[in-house]
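For reference, the structure discussed in these notes is given below.
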Amino acid sequence: MNILAWGHIPEPALAEMSDDPAARQQLSASERRHLDGCDRCLGLLEGHRRVSQLFAAPWQFVTAVEPTNDFGVQRVRGVVSAGGGVGPIRLSRPIWIVAALVLLSALVGTGMLVGAFRRLDGPPAAVDARPTEAASPSPSTLPSPKPSPSRVPTSTWSAFTSLRHGLEISHPTGWIERAGRRPWNLAINQEPRVWNLGVTDFSEGFLQSADHFMASDLSAMFAAYGMALPIGKTYEGFIEAYQAPRIATSGVGCYPPPTEWERITIDGHEAGLVSGCGYTDAMVQAGGRVYIFSGYGDLATNRLLFEAFLSTVRLDPAAANDTPVNASPSPG
Amino acid sequence: MEAVATVDDLGGAVDAEYGALFVELTRFCRALGAGGSAEDIAQDVLLEGRTRIDQLRDPESLRPWLRRIAVRQVSRLRAKTQRSIERDLAFLPVDPDLGLDASAAVARLPQRERLAVVLVYGLGYGQEEAADMLGISRGGVAASLWQARRKLARDLAPYRRESE
């Protein structure tokens, strides 16, 4: 069959090719020539590939696009994920609905509404591996500086190997896992597009470069990232450069100096841990690289869970890959 | 002889599971685009279901039946209010690599296509189940999904030039 009968490759064929690159190889020479020179066909092919990528992405509740602000920053606010809870539940018309249902129940001889309504208090649990202990105390009151032994069991967690940053780590099974696709650097948080996936604001560059793991209800995020220590820069100088823009934005109160950091160990290396405004960071130097581990949302305060993440870290600086790549994959 | 569920049995099942059904339906209605009205609609769906429980023959199909009512009520709400998607809570696929525009394109789809995409790709229902909820044939769902895909592909085609 000549699929060029109407002058172009039909769209169903392009859609098929977008999902299955092998289908492109089955084109005849003339069809392939046409495709290579046809802007419309290539555009649609890429469009369909993007649609497939989009439909494979995690679905989340997102409040719409807020208008671009004066700084050209476009914000997206994710609220809860598909697998998560439905957020705070409010009975907006309780008296009316209770009266109606009581009446109906009376008519059919049942009367179980009280128990049923009581169940409304508990939205479904969404984070899979919360510690069972009470909420963790604030960092300043914690006496133990050591991240291990962890009190949150991690044996059932899912292992993740970072080919980008050179580390292994485990995260609670069921958390959304996203691998960094481009190198992280100190300037990446200055990139203009900002996302808020229900935890806090992140630059798009940060989300593309950090390995990160999100609770299914987006209430917590753990991120692992880092870079080779720049030539001529000391670890202390790196920390200063890391903190400077943050201090400029949020004040030194949110970013205590390293002298005030708690000393811990990560995979046998001496490390520092600091909790500030809405985050907990752990930083360690190994093999000429600086690794940073950050907890946001519930992980900013849930020390036990943060420690559990750190207890699973295995550093492998030699395996890190700092090769820059185009963040947008090329068409199939 | 096969036991037949009585109206009382079915009504009792709704009452007994009211809390769980309310949570499920609220989430479902939000995903369909009910926004801040999701809880009201979930309550309305349960009330309508409770009132019309005599029309339900198979207790096993209680949830699909309630979801069908929910789809109808959300569709009615959105048709009536013509709400602006820019101000709504939308259930969308989110991929930072593709950016916000790609996600927003899903929310801009026409009603039936958007619902088909949300039910099948977002919530993971099969085309048969989606057809049942939308009150159309399975082929109608497939056609809606294809139309949605075509429109989205045109919206997202410009990405090619940006990524080059």
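Order of the sequence lines fixes the chain letters, A, B, ..., with proteins taken first and strands second; residue numbering starts at 1 for each chain.
- Within the 4.5 angstrom heavy-atom criterion, atoms from both the backbone and the side chain of A/Ala15 approach chain B.
- Crowding of B/Arg72 atom CZ: a count of heavy atoms from other residues, nucleotides or ligands under 6.0 Å exceeding 12.
- A side chain to side chain contact (heavy atoms under 4.5 Å, CB included) with A/Trp59 is found for exactly one of B/Leu123, B/Val106, B/Val94, namely B/Val106.
- If you measure heavy-atom distances from B/Val117 to chain A, the contacts under 4.5 Å come from both the backbone and the side chain.
- Scanning all heavy atoms of the two residues, the minimum distance from B/Ala153 to A/Val51 falls at N-CG2, 3.5 Å.
- Ring geometry, A/Phe55 versus B/Tyr121: the interplanar angle falls under 30°, so the pair is classed parallel (tilted spans 30 to 60°).
- You'll find the side chain of B/Pro93 stays beyond 4.5 Å of the side chain of A/Gln53, heavy atoms only.
- Taking CZ of A/Arg49 as the reference point, atom CG of B/Leu156 lies at 10.5 Å (rounded to 0.5 Å).
- Residue with the most contacts toward chain A among B/Val118, B/Val120, B/Leu92: B/Leu92 (heavy-atom pairs, distance under 4.5 Å).
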